[in-house]
Amino acid sequence: MNENKSQYHANAVEKYWQDIWDKKGCFLTKNQTTKKNYYVLEMFPYPSGRIHMGHVRVYTLGDVLARYKRACGFNVLHPMGWDAFGMPAENAAFENNIHPRDWTNKNIKNMKDQLKSMGISYDWTKEISTCDPEYIKQQQKLFIKFFKAKLLYKKEAWANWDPIENTVLANEQVIDGKGWRSGVKIERKLLSQWFLSITKFSNDLLTDLESLKNWPENVKTMQKNWIGKSVGAEISFQITKENLIESYKNSILVYTTRPDTIFGTSFIALAPDHQLSDILSKSNNGIKEFIKKWESTFANEEMIEKAPKEGVFTNMYVKHPFTEKKIPIYIANYVLSTYGTGAIFGVPAHDERDFVFAKKYDLPIIKVVDPEDSAAQDLPYTGAGTLINSEFLNNKNSLEAKSIIISKLKEINLGEKKTKYRLRDWCASRQRYWGCPIPIIYREDGEVIPVDESDLPVLLPDDVDFSKKNGNPLNNHATWKYTTCKKTGLKAVRETDTLDTFFDSSWYFIRFVDPFNKNPINKKLAEEWCPVHQYVGGIEHAVLHLLYSRFFTKALSSLGEFKFKEPFKGLFCQGMVCHKTYQDSENNWVYPEEVITKNANFFHKDTGNKVKELRSEKMSKSKKNIVDPVNIIQKYGADTARFFMLSDSPPERKLEWTSSGIDGSNKYLLKVWRFFNNLQLNDIIFYENYKYEKEKNKNLIEKTHFYIDKITKSLDNFQYNVAVAQIREFSNIFFSFDIDNIKNEDSIALKFSLTKWIILISPMVPHLAEELWKVLGYKDTLVSEQNWPIANLDYIKITNVNIVVQINGKKKFVYEIPKDLSVEETKEFLSKKEAIKALIKEKEIKKIIVIPNKIFSLVI
RNA sequence: GCCCACUUGGCGGAAUAGGUAGACGCAAGGGACUUAAAAUCCCUUGUCCGUAAGGACGUCCCGGUUCGAGUCCGGGAGUGGGCACCA
């Protein structure tokens, strides 16, 4: 490559080296080696058709790690695949009359080409796609395993129902309570659906978080809060005699974490979809209307919390278990049916929401907890304190009161201590076509049985018309639904729901270790490779995908599939890629590439009209603030795109895309290339322990070791932006060499330094690194196969340090003193200095603080 | 609304464990090279006062701990992510 020395043709160079890596199989993973295994995985993408900058970022981060670990001598597994089921394919089918499978396969092909052009070191022989019949087959086997192990069950659950399209809508397809396409008010429909018993593992999912040392704390906290373990009490409130109804039991069971506040109860509130609410709605129009009014908000916790607190009185009362006072029963829109028992006792003085509710409906507000902090007298007060107005609990603190009340309740048989979790079982049913079919049949005799293993996979029928608005295509298919039971010959219908795509992505990382095995999981290899050493993906998956994967791992482990109990040993969450947004005078969004800048004003490049520059946001098609990676790679090459992705922001934070930023990266890489091309070092051979005579060369060798150490540490800490800065600092040293007059030991020192530098930069810009490697004279080897350099710390020994002299904590000046003086020696050394004496003058020294090698601080 | 983060020059950011704030870049200004431009190279660049030496201020805001706070604690503002059928 590059016979023409005057120009760097990034696209040609990159293609050339990609082919070489491919031919030599540089990134294929072997299962039997003497090396230690290291599994790097980035979250696999949904095949939308084009990669976006978010992909470029996450896959660059993963690739730097994979290449770095390979150089460090690990046997690296770095696979890639496709999260291929999901709604966009069905939307495309609906809008463009293309089959979801064709659309998806076309997208995979495009995206694969685009990913390949980035030069990421994947082992493509392990590629899997979740819509592949083989993946479906293995996943269906897992489903049946779960079914047999009673980790799966059916129960009725609400879904958003669009009565025009006759279909279930996702939450994001419901906008302001209306269907996104039909615009009609969404109803709720109770459907029998499949649930995974994730709550059987609630406690393990919580306590095992502690073992995840290499996970970000914020993700662990989010999961902990999501699981939401609470210790409280379940309490029965007896319905008053005159209010008893035949179709319901004689009490209402509530759950509370604050049983100590029971004497502050002024009402009972039921969730609108509580069983009793449902019964009452049949004979009471007020209740019926209330439930109808709030129906579309039930599905969504955010909407429930944001809605104004409203309720309806049921005309029924319960008795307080201790005071025997009559307490009214309301149905309230802020009570969640999915948490606790779906009913609460309202204590307005000590709960924010109960307080608002009580004010609105003029219910008594009884203060029963006196705050420890006397300043906090405003109600509602939600903290702990000393009990008042509470009979036998008076003068007890909240903690004591809780245990007393629980034992009292137990005595009178009206309550007990209870641990609850906020976590709910996982509804894995989707009433959609483009998903993994659920391998279950319903036999005419009423039995629900899994499809016989010899009949797997159950595949989707191809002959489906998406243009008709008649609901779930599987349910309405003329023949697909109908089958017979293999064992009995009885007639049967297939399950027409498909699986949530989170099911697909909850075990793909285990499949990658042996993607074409006849069984879903290769136990031996899974145990050799898993848990994934480093998983990389977006923070938006902090709870659901990561929690579901953890659950799958625990479930499969409990079924003896393998021994490990967590899927991902290390987790790294990268930030988003953002860009400024632009709007024209009519508030239409404008693409950044259509905007030209003149004197800090912005104009549309075609119309010349003025354009507003607005704040930077996550790149999204809807706001047109996108930059297409394909164009960027075409213009600058993948290395420039990769280098910019790494250089400007810490990986976990948002990255601001700017054209000057990408230009800057490109300029730097071209400068590097020019520098190497002007060298004549091909024939120079260096020795590790060469005795250099010139200071300049000694310094270069020291700096080389210094930066090897620094850059290695930065990479280990995921501080890739810092590593880039250090790469540049390092190169600034050799850029200052006069390479036209270089000879003898100068050449040896430079070749040594440059050789190490190329290896250091190679995970970031692998194609350019190969090119430079060759230019430097290494014709028969690849930089991708080199070992990571090791810093010789003997070269980095520092003899003097700068110590800061402070008066009252303020910096006055800096002294150079010998390194590693003791506290006494430092005092001794510095106290003699005239400048310090001058600072103190006549004043009395109250205190001297010495931090060796750092601070000499006087308090006067 | 609830949970979780983030906030440092004109901009992106750096600052092991509480110890020299602003590394490395971008942009800008000045200069060199060029017939000219581009490219490249060199210099300057937190703010304010000062001719200078130097001084004061300064890490979203308010308060606290400390000899010393970007870093720790309490309160607040703004921005972003998640809230269970987007992936």
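Every value quoted in this text rests on a predicted model; they were computed, and no experiment measured them. To find a chain, count down the sequence lines: A is the first, B the second, and so on, and within it residues start at 1.
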Which of these passes ring-ring contact (aromatic ring centres under 6.0 Å, His included) with A/F44: A/Y135, A/F509, A/Y508?
A/Y508
If you find the nucleotide of RNA chain B closest to A/G664 and the one closest to A/R615, which residue's nucleotide is nearer the 5' end?
A/G664
Report the distance from atom NZ of A/K580 to atom P of B/rG80, rounded to the nearest whole Å.
14 Å
On a plain distance test, is the side chain of A/Q806 in donor-acceptor contact with the base of B/rG19 below 3.5 Å?
yes
Count the heavy atoms of every other residue, nucleotide or ligand shown that sit under 6.0 Å from NZ of A/K220, and state whether that count exceeds 12.
yes
Between A/N717 and B/rU16, is there a side-chain N or O to OP1/OP2 distance below 4.0 Å?
no
With sugar-phosphate meaning primed atoms plus P, OP1 and OP2, does A/K854 contact a base, only sugar-phosphate, or nothing at under 4.0 Å between heavy atoms?
sugar-phosphate
Answer yes or no on whether A/R422 is positioned over the face of A/W226, meaning its NZ or CZ is under 6.0 Å from the six-membered ring centre and within 45° of the axis.
yes
Respond yes when some side-chain nitrogen or oxygen of A/R674 is under 4.0 Å from OP1 or OP2 of B/rA39, and no when none is.
no
Determine the contact category for A/V724: base if any of its heavy atoms lies under 4.0 Å from a base atom, sugar-phosphate if only primed atoms, P, OP1 or OP2 are that close, otherwise nothing.
nothing
Whole-Å gap separating C1' (B/rG81) and CD (A/Q223):
14 Å
At under 4.0 Å, does any side-chain N or O of A/R430 touch on OP1 or OP2 of B/rC85?
yes
Is there a donor-acceptor contact under 3.5 Å from the side chain of A/Q193 to the main chain of A/C427?
no
In this structure, how many angstroms lie between the C1' atom of B/rU20 and the CD1 atom of A/I855, rounded?
7 Å
Whole angstroms only, please: what is the CD-P distance between A/E617 and B/rG80?
6 Å
Upstream residue (5' side of RNA chain B) when A/E302 and A/V722 are each assigned their closest nucleotide:
A/V722
Can you name the nearest heavy-atom pair linking A/F551 to A/S197, along with the distance?
CE1-O, 3.8 Å
Identify the nucleotide, in any strand shown, that forms a Watson-Crick or G-U wobble pair with B/rG25, with both distances under 3.5 Å; if there is none, say none.
B/rC11
Tell me which nucleotide, if any, is Watson-Crick or G-U wobble paired with B/rU59 when both distances must be under 3.5 Å.
none
Report which part of the nucleic acid A/S660 touches: base, sugar-phosphate, or nothing (heavy-atom distance under 4.0 Å, all strands).
sugar-phosphate
For nucleotides B/rA28 and B/rC85, find the distance between their P atoms and express it as a whole number of Å.
50 Å
Verify the contact: side-chain N or O of A/K810 to OP1 or OP2 of B/rC57, cut-off strictly under 4.0 Å; return yes or no.
yes
What is the distance, rounded to the nearest whole Å, between atom NZ of A/K710 and atom C1' of B/rA15?
10 Å
Could you tell me whether the phosphate oxygens of B/rG13, OP1 or OP2, come under 4.0 Å of any side-chain nitrogen or oxygen in A/S649?
yes
Tell me what A/K713 touches on the nucleic acid: a base, only sugar-phosphate, or nothing, going by heavy atoms under 4.0 Å.
nothing
Expected label for B/rA17 (glycosidic angle, syn inside 90° of 0, else anti) would be syn
Over all strands shown, is A/R353 touching base, sugar-phosphate only, or nothing at heavy-atom distances under 4.0 angstrom?
nothing
A/K623 NZ to A/E617 CD distance, which is reported to the nearest 0.5 Å:
3.5 Å
Would you indicate, yes or no, if B/rC85 has its OP1 or OP2 atom less than 4.0 angstrom from a side-chain nitrogen or oxygen of A/R188?
no
So does A/K847 get a side-chain nitrogen or oxygen closer than 4.0 Å to the phosphate oxygens (OP1/OP2) of B/rC67?
yes
Write down the distance between CG (A/L571) and P (B/rC4), rounded to a whole number of angstrom.
18 Å
Going by the glycosidic torsion and a 90 degree boundary from 0, is the base of B/rG9 oriented syn or anti?
syn
Taking pairing as Watson-Crick or G-U wobble with both contacts under 3.5 Å, can you name the mate of B/rC41, or confirm there isn't one?
B/rG31
Classify the side chain of A/Q193 and the base of B/rC85 as holding, or not holding, a donor-acceptor pair under 3.5 Å.
yes
Apply the test side chain to side chain contact (heavy atoms under 4.5 Å, CB included) to residues A/I803 and A/V814: give CA-CA distance (whole Å), side-chain angles for both, the deciding distance (0.1 Å), then the verdict.
CA-CA 6 Å; A/I803 192 156; A/V814 178; over 6 Å; no
Distance below 4.0 Å between A/K224 side-chain N/O and B/rC3 OP1 or OP2
no
Counter-base of B/rG80, judged by Watson-Crick or G-U geometry with both distances under 3.5 Å
B/rC4
For a quick check, tell me whether the side chain of A/E305 and the base of B/rC83 share a donor-acceptor pair closer than 3.5 Å.
no
Determine: side-chain N/O of A/T501 to OP1/OP2 of B/rA87, distance under 4.0 Å, yes or no.
yes
Mind checking if A/G86 touches a base, just sugar-phosphate, or nothing, with heavy atoms under 4.0 Å?
sugar-phosphate
Which whole number of Å gives the distance between the C1' atom of B/rC4 and that of B/rA56?
40 Å
Classify the nucleic acid contact of A/H541 as base, sugar-phosphate or nothing, counting any heavy atom under 4.0 Å across all strands shown.
base
Please work out if A/F813 contacts a base, only the sugar-phosphate, or nothing of the nucleic acid, heavy-atom cut-off 4.0 Å.
nothing
B/rC86, OP1 or OP2 - any side-chain N/O from A/N171 closer than 4.0 Å?
no
Using a 3.5 Å distance criterion without hydrogens, assess whether the side chain of A/W434 forms a donor-acceptor pair with backbone atoms of A/A84.
yes
Taking the side chain of A/R422 as its heavy atoms from C-beta onward, which of B/rA84, B/rG81, B/rA14 lies nearest to it?
B/rA84
Say we look at B/rG78 and B/rC60: how far apart would their C1' atoms be, to the nearest angstrom?
8 Å
If you draw a 6.0 Å radius around NZ in A/K635, do more than 12 non-hydrogen atoms from other residues or ligands fall strictly inside?
no
For A/M576, answer base if it contacts any base atom (sugar-phosphate contacts may also be present), sugar-phosphate if it contacts only those atoms, and nothing otherwise; contact means non-hydrogen atoms under 4.0 Å.
sugar-phosphate
Please state how far atom CD1 in A/I851 lies from atom P in B/rU16, giving the value in whole angstrom units.
16 Å
Would you mind telling me which of B/rG13, B/rC24, B/rA87 lies closest to the side-chain atoms of A/E729?
B/rC24
Interatomic distance, A/D648 CG vs B/rA27 P [rounded to whole Å]
11 Å
Could you tell me whether A/N732 contacts a base, only the sugar-phosphate backbone, or nothing, with contacts defined as non-hydrogen atoms closer than 4.0 Å?
sugar-phosphate
When all nucleic acid strands are considered with a 4.0 Å heavy-atom cut-off, which category describes A/Q431: base, sugar-phosphate, or nothing?
base
Heavy atoms under 4.0 Å, any strand shown: does A/S429 hit a base, just sugar-phosphate, or nothing?
base
Please work out if A/I803 contacts a base, only the sugar-phosphate, or nothing of the nucleic acid, heavy-atom cut-off 4.0 Å.
nothing
Under 4.0 Å, counting only non-hydrogen atoms across every strand here, what does A/W426 touch: a base, just sugar-phosphate, or nothing?
nothing
Give a yes or no on whether A/K155 atom NZ has more than 12 heavy-atom contacts from other residues, nucleotides or ligands under 6.0 Å away.
yes
